[in-house]
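Quick note: numbers below take in every heavy atom, side chains included, and nothing from hydrogens, waters or symmetry partners. By convention in this document, chain letters (A, B, ...) are assigned in the order of the sequence lines, proteins followed by strands, and residues within each chain are numbered from 1.
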Amino acid sequence: MFTDGINPLIIFFASILTSNMILSNFLGMCSYISISGEYKTASSLGKSVTLVMVFTTILNFGVYKLIIVPLGLEYLQYILFIIIIAATVQIIEMAMDRLLPDLHVKLGIFLPLITVNCAILGTTLFMVIRDYNFVQSLLFGLGSGLGWWLAISALAAIREQMAKTKLPKGLEGPGIAFIITGIMALAFIGFSGIFTIT
Amino acid sequence: MAETIKEVISRNVWKENQGLRQILGICSSLAVTNLMTNSMVMGLGLTFVTAFSSLTISLLRNAIPHRIRMIVQTLIIASYVILVDIFLQANFTDISKALGPYVGLIITNCIIMGRAEAFAQKNTPVLSMLDGLFAGVGYTIVLLIIAFFRELLGFGTLFGFDVNFIGFETWTIMVMAPAAFFLIGTLIWITSNIFAPGKSKK
């Protein structure tokens, strides 16, 4: 359960660089495009996503191995996963409110949004399909979150500068955001070959 | 203020196309646009889920307590996605394998939740179903346009048939992720020029 398969560290770095959730899997695009106008906000959202992703990946791993597989409930997995994600987000929000009120003020508004972030459910589904063990899943969740954070921070930083320039008509906003993302994705292809996961 | 059926259709397919004008639902579907067949299946699946979850949510709109409506809507959507997933696994095993996790990700596709919140909450069941149906159709068209260019230039095929008659060199970039971003960016650029000429949207 802990030692078979691909080296977890390779999964970790690959999920940040070569199999980035946004740049190669197109996951979490909605909030990525709409909340990337400002670097600070984008970075906070990235942190929240990373946090939620680690927790949900661990919990969903447990639920998948201990409940879904033994009871043969594979056809219900989507419902279970989405409920767990919603519940985790709620619990993290309440815990943060009690324990880290400062952080809650900063990240609080994003937490409910994250429930419907495709990258969270996507990470869980990739984990199930690729049949990762516990350590692999943990590092995969962490890496995917960090990769998402990296991508949204980079885009927000570029867009902040872009706001000062004059763009062709109709390209402002989402249009240019997608094209920048395309260029970023091209740059990240440069990492391919260093680590590979399927 | 109720819309007529015709207005619902033109709004969803053209004026407020979910993918291009609202920038919704890009998440779970852009990844499958490298082949037209996959895009078609994905689009049809999404259309089915949107139409029927809009119908169901509209039927239950007075029965669902307002505070827990999000989770109820998510469960309704998830049930339909499970239907689509099982149907694809049973009848189109290859495509189901190729789509991988992206079928399940229809659950978090913002379009469905968006239509439920913005339309099905307040309108009659039949109209809501049409609204969902044509939101899905409009979105499928966008997916197919992107897939058309990616498959044609990347593989020299359309729907798996070889159309590379002049024997041009296929573009590897079109098969990879960046091409999808460039194409959708360009499509958004073109459509926002059609809809808001002279006025720039920030």
Side-chain angles (χ1 to χ4, degrees), chain A residues 20 22-34 37 75-83 85-87 112 115-130 163 166-189 192, chain B residues 20-33 70-71 74-75 77-79 81-83 85-86 89 97 100-111 113-114 173 176-202:
Chain A
N20 189 293
I22 291 177
L23 300 172
S24 67
N25 291 324
F26 307 97
L27 293 177
M29 293 302 296
C30 295
S31 36
Y32 171 75
I33 295 294
S34 56
Y75 61 97
L76 279 180
Q77 61 179 13
Y78 297 147
I79 288 190
L80 286 170
F81 288 155
I82 202 87
I83 290 175
I85 291 171
T115 313
V116 287
N117 189 318
C118 339
I120 308 280
L121 183 62
T123 310
T124 297
L125 294 181
F126 273 121
M127 170 191 88
V128 168
I129 284 178
R130 294 173 185 163
K166 206 166 159 18
L167 290 166
K169 219 179 278 169
L171 200 56
E172 302 94 339
I176 193 70
F178 276 111
I179 290 177
I180 296 169
T181 312
I183 298 170
M184 275 163 53
L186 264 184
F188 271 65
I189 286 179
S192 61
Chain B
L20 295 179
R21 301 291 297 150
Q22 317 274 63
I23 327 288
L24 283 181
I26 308 293
C27 337
S28 51
S29 308
L30 218 49
V32 299
T33 54
M70 292 294 241
I71 192 78
T74 312
L75 290 181
I77 295 167
S79 322
V81 172
I82 290 172
L83 287 183
D85 190 37
I86 290 174
Q89 274 176 15
K97 282 230 177 72
Y102 292 99
V103 177
L105 285 169
I106 295 178
I107 298 172
T108 48
N109 193 309
C110 336
I111 290 179
M113 197 62 118
I173 179 78
M176 296 194 287
F181 290 117
F182 290 137
L183 282 170
I184 189 134
T186 317
L187 276 179
I188 290 170
W189 185 13
I190 295 168
T191 42
S192 50
N193 269 325
I194 294 172
F195 287 107
K199 185 181 105 211
S200 63
K201 209 181 87 202
K202 198 87 199 194

Q.
I'd like to know whether A:I180 forms a side chain to side chain contact (heavy atoms under 4.5 Å, CB included) with B:F181, so could you lay out the CA-CA distance, the side-chain angles of the two residues, the decisive distance to 0.1 Å, and finally the verdict.
A. CA-CA 8 Å; A:I180 296 169; B:F181 290 117; over 6 Å; no

Q. Of the options B:T74, B:T108, B:D85, which is the one that meets A:Y78 in a side chain to side chain donor-acceptor pair (under 3.5 Å)?
A. B:D85

(Q) Below 4.5 Å, heavy-atom pairs only: which of A:L167, A:L23, A:N117, A:I85 has the largest tally toward chain B? (A) A:L23

Q. If you look at every heavy atom in A:C118 and B:L105, which pair is closest and at what distance?
A. O-CD2, 3.5 Å

Q: Kindly determine whether B:L75 and A:I83 satisfy side chain to side chain contact (heavy atoms under 4.5 Å, CB included), including the steps that lead there.
A: CA-CA 8 Å; B:L75 290 181; A:I83 290 175; 3.9 Å; yes

Q. Of all of A:I120, A:N25, A:I33, which one pairs up most often with chain B through heavy atoms under 4.5 Å apart?
A. A:N25

Q.
Please classify the contact between A:I179 and chain B as side chain, backbone, both or neither, with a heavy-atom cut-off of under 4.5 Å.
A. both

Q. Considering all heavy atoms of both residues, which atom of B:N193 and which atom of A:K169 are nearest to each other, and what is their separation?
A. ND2-O, 3.1 Å

**Q.** B:F182 side chain reached by A:I183 side chain, heavy atoms, under 4.5 Å
**A.** yes

Q: Using the test ring pair (Phe, Tyr, Trp, His ring centres under 6.0 Å), find all partners of A:F188 that sit at least two apart in sequence or belong to another chain.
A: A:F191

Q: Could you label the plane-to-plane angle of the A:F126 and B:Y102 rings as parallel, tilted or perpendicular, counting under 30° as parallel and over 60° as perpendicular?
A: perpendicular

Q.
What part of B:I190 gets within 4.5 angstrom of chain A, counting heavy atoms only: side chain, backbone, both, or neither?
A. neither

**Q.** Winner by heavy-atom pair count (cut-off under 4.5 Å) against chain B, out of A:I129, A:T124, A:L76
**A.** A:I129

Q: Starting at OG1 of A:T181, measure out to CG of B:L30 and round the result to the nearest 0.5 Å.
A: 10.5 Å

Q) Quick one: of B:P101, B:C110, B:A180, B:A179, who has the most non-hydrogen atom pairs under 4.5 Å with chain A? A) B:P101

(Q) What part of A:L171 gets within 4.5 angstrom of chain B, counting heavy atoms only: side chain, backbone, both, or neither? (A) both

